[in-house]
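Reading through the structure tokens given below for one structure.
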Amino acid sequence: MKKKLLLASFIIVALSLVFISGVKGKTSSANGDALYFRGKVYLVAINSGAAELYKIDNTKITKTATINAIAGDAGCQDFIDAVLTIDSNGLYIVLTDGKYIYKYDVNDPYNPVLFKKSNDNSNDKYLGLGKMYNQIFSVSNHGLRIWSDNMEIYYTANINNPLPHNIKFSQQGSFVFNINNGKLEIYDAFSQKLLSAINLAARDSHERNIYNDQTDSSIYLVDDRAVKQVDFSGNIIKSFKHTSSQGYDIAYVPGDDHLYFSDGIGIVKLNKSDLKPLSWIYTEEFSGPSGLAAGLKVVSDNYGEKIFVFDNYNIIILDQAYNKIGAIAIDNNNQFCLARESLSLILDKPAALAGEAVALSGRGFSPEEILSIYLSDKKIDSTKADNRGRFFKTITVPRFNPNILEFKPGKTDIKILGENSGRTYSVNFQIEGMVEAGFSLSVNKNRALAGEEVALSGRGFNPNEYVIIYVADKKVALARTDDNGGFSAVITMPEVKPGRTEIRVSGENFGSKNYSIDFTIE
């Protein structure tokens, strides 16, 4: 009862200023967590289905224990995720094998003792674990659950994600953050209502970490273009454009005046007040040319900061000067149990014009199998599932052809077929009417920062005429059409007020056509 009253007290707090602390940073294939406890830094890593515990004393790394999964009717027969937590009785590791949650007492790090195992709920398939301060939450096919210190469930929410580590709680539990299909969704934890959905620049779907600032209720995140500080409505307060084409994790130690982010090709330390870079290191300097700086975690001890970088095959440990303390090789090739999760298919939009892009994501297929994509029962594309049976793919709605009646405007469906497993899943979809015949205006991205280049192309104008290109009614470029009335140009986004606007192209000759396309300045 005490825990239930505690939950009620923190989720009723209306829009309190909170922050995320102690959350994990990792890729989809290297799971682990790190924290500081009684003068030492501890790291837990999932390796070949077992949980390995390490103690780090300055530059000395010691593996203290290996916890093997309990044989039986577990969902995976192997552990798939782990977090470290501190409660009133000391240090614990919480693990899941897909069917059960286990809590181990590791106050003696050389002798882990099973404290408690969750009750069997055969309908649940746990996908991952997280922390709300030091309270553990799980993500399953049925949504979120927060667990008490005694391993009892005292909160549930119908919020889910095929990438479970993209779900975060604010420290006091007032909000749930869910990075899902290129959007940061913010939910009120008490009512479970969606408060806002912030668009991210995301080429594909992978694990990302955010930081919610306690002092001003802003959110720090890194997408595939920039590190951004945004408010709860998605308005950009500050930004820093990175040089990579991917964004992964934000890592921060509460109270510091700086933060770190990873973008695959390296790690950068930023001044928190203005997002200006203070220092950086390239991934190849500590992980070799094939390394990927994805998951990121920073912990402070008596010697300074310890930086944990999770790539596909290693956990690399650096000190605050980026000196390499050591690396732990991770083998997760046997972790295929998450392919048993329920089939699902999610579209980023329920309807689209012919020629328009639609982003698909799904799960529940066999690991690394070929997936065929059908529209109106006609195969239009294919992709490959990852080692968890999940996929992300962007397709283009075919243009209507009188000889191919399947693609005519109207109600239809999109279907995914696993070529090896035979598993199939479909969702309703609407092909909308065509745009004006003979006309098109397109960009290679629909969002950009001021100063960023955007490729623009169009057709349907008069042959061999000059066209003027405007952004937010500001003239930015001049282009000349070809013999067929088409053109292409690269434009630079001007310094204008951030927000939704339009790119407009107008023929210079009298009576020429005038077309526009929606765009967002970040």
Asn160 versus Ser140, closest heavy-atom pair with distance: ND2-O, 2.6 Å
Taken in chain and number order and not counting sequence neighbours, the residues that satisfy ring pair (Phe, Tyr, Trp, His ring centres under 6.0 Å) with Phe392 are none
First locate atom CG of Leu275, then atom OH of Tyr220, and finally report the distance between them rounded to the nearest 0.5 Å. 6.0 Å
Measuring only between side-chain heavy atoms, which start at C-beta, is Tyr42 closer than 4.5 Å to Val106? no
Apply the test side-chain contact (heavy atoms from CB on, under 4.5 Å) to residues Leu127 and Asn141: give CA-CA distance (whole Å), side-chain angles for both, the deciding distance (0.1 Å), then the verdict. CA-CA 7 Å; Leu127 310 179; Asn141 55 325; 5.7 Å; no
In this structure, which one of Lys445, Arg208, Arg447 forms a salt bridge (charged side-chain N to carboxylate O under 4.0 Å, His left out) with Asp224? Arg208
Which residues satisfy the ring pair (Phe, Tyr, Trp, His ring centres under 6.0 Å) test with Phe391, sequence neighbours excluded? none
Only one of Leu35, Asn134, Leu91 passes side chain to side chain contact (heavy atoms under 4.5 Å, CB included) with Thr85; say which it is. Asn134
Check whether any side-chain heavy atom of Ile431 lies under 4.5 Å from a side-chain heavy atom of Leu375, and answer yes or no. yes
Hey, does Gln430 have a side-chain heavy atom less than 4.5 Å from the side chain of Pro350? no
Taking Gln192 for the side chain and Thr156 for the main chain, is one N or O donor matched with an acceptor at less than 3.5 Å? yes
Does any non-hydrogen side-chain atom of Asp33 lie less than 4.5 Å from one of Leu129? no
Hey, does the side chain of Lys168 reach the backbone of Tyr211 with a donor-acceptor pair shorter than 3.5 angstrom? no
Taking the six-membered ring for Trp, are His242 and Phe240 closer than 6.0 Å centroid to centroid? no
Decide yes or no for Tyr104 and Leu53: does some side-chain heavy atom of the first lie under 4.5 Å from some side-chain heavy atom of the second? no
Verify whether one side chain among Glu522 and Ser239 offers a donor that lies under 3.5 Å from an acceptor in the other. no
Of all residues at least two apart in sequence or in a different chain, which pass the side chain to side chain donor-acceptor pair (under 3.5 Å) check with Asp381? none
Listed partners of Glu52 passing side chain to side chain donor-acceptor pair (under 3.5 Å), at least two apart: Asn47, Tyr54
Gln135 side chain to Tyr154 side chain, donor-acceptor N/O pair below 3.5 angstrom: yes
Could you check whether Asn150 and Ser148, counting side-chain N and O atoms only, form a donor-acceptor pair closer than 3.5 Å? no
Using side chain to side chain donor-acceptor pair (under 3.5 Å) as the criterion, list what pairs up with Ser233, not counting sequence neighbours. none
Among residues at least two apart in sequence or on other chains, which ones pass side chain to side chain contact (heavy atoms under 4.5 Å, CB included) with Ala201? Asp223, Arg225
Check whether any side-chain heavy atom of Val227 lies under 4.5 Å from a side-chain heavy atom of Ile250, and answer yes or no. yes
Asn199 versus Lys183: any side-chain heavy-atom pair under 4.5 Å? yes
Specify whether His258 and Tyr260 have parallel, tilted or perpendicular ring planes, treating 30° as the upper limit for parallel and 60° as the lower limit for perpendicular. perpendicular
Ignoring hydrogens and geometry, is there a side-chain-to-backbone donor-acceptor pair from Thr96 to Gly98 under 3.5 Å? yes
When you compare the side chains of Tyr252 and Asp213, does any donor N or O come within less than 3.5 Å of an acceptor on the partner? no
Measure from the side-chain N and O atoms of Asp188 to the backbone N and O of Lys193, and report whether any donor-acceptor pair falls under 3.5 Å. no
Can you list the residues that meet the salt bridge (Lys or Arg N to Asp or Glu O under 4.0 Å) rule with Asp263, with sequence neighbours excluded? none
Ring-plane angle category for Tyr248 and His206, please: parallel below 30°, perpendicular beyond 60°, tilted otherwise. parallel
Non-neighbouring partners of Lys103 that pass side chain to side chain donor-acceptor pair (under 3.5 Å), sequence neighbours left out: Asp87
Going by ring pair (Phe, Tyr, Trp, His ring centres under 6.0 Å), name the residues that satisfy it together with Tyr92, two or more places apart in sequence or in a different chain. Phe115
Verdict with reasoning, Leu360 to Thr383, per side-chain contact (heavy atoms from CB on, under 4.5 Å): CA-CA 11 Å; Leu360 317 178; Thr383 188; over 6 Å; no
Side-chain donor or acceptor of Asp518 paired with backbone N/O of Arg500 under 3.5 Å: no
What pairs with Lys306 under salt bridge (Lys or Arg N to Asp or Glu O under 4.0 Å), at least two apart in sequence or on another chain? Asp301
Do Asp413 and Phe429 pass the side-chain contact (heavy atoms from CB on, under 4.5 Å) test, and can you show the C-alpha distance, the side-chain angles, and the key distance before you say yes or no? CA-CA 5 Å; Asp413 61 28; Phe429 186 71; 5.5 Å; no
Give a yes or no answer on whether the side chain of Glu207 reaches the backbone of His165 with a donor-acceptor pair at less than 3.5 Å. no
Residue list, salt bridge (Lys or Arg N to Asp or Glu O under 4.0 Å) with Lys241, at least two apart or on another chain: none
If you look at every heavy atom in Asn428 and Leu347, which pair is closest and at what distance? O-CD1, 4.1 Å
Value rounded to 0.5 Å, distance of CG in Leu417 from OG in Ser426: 11.0 Å
Quick one: salt bridge (Lys or Arg N to Asp or Glu O under 4.0 Å) partners of Glu502, sequence neighbours excluded? none
Determine the sole option in Ile167, Asn158, Asn161 for which the side chain to side chain contact (heavy atoms under 4.5 Å, CB included) test with Leu144 is passed. Ile167
Whether the side chain of Asp81 engages the backbone of Gly128 through a donor-acceptor N/O pair (distance < 3.5 Å, no angle test) should be reported. no
For a 4.5 angstrom cut-off between non-hydrogen side-chain atoms, does Phe137 reach Val94? no
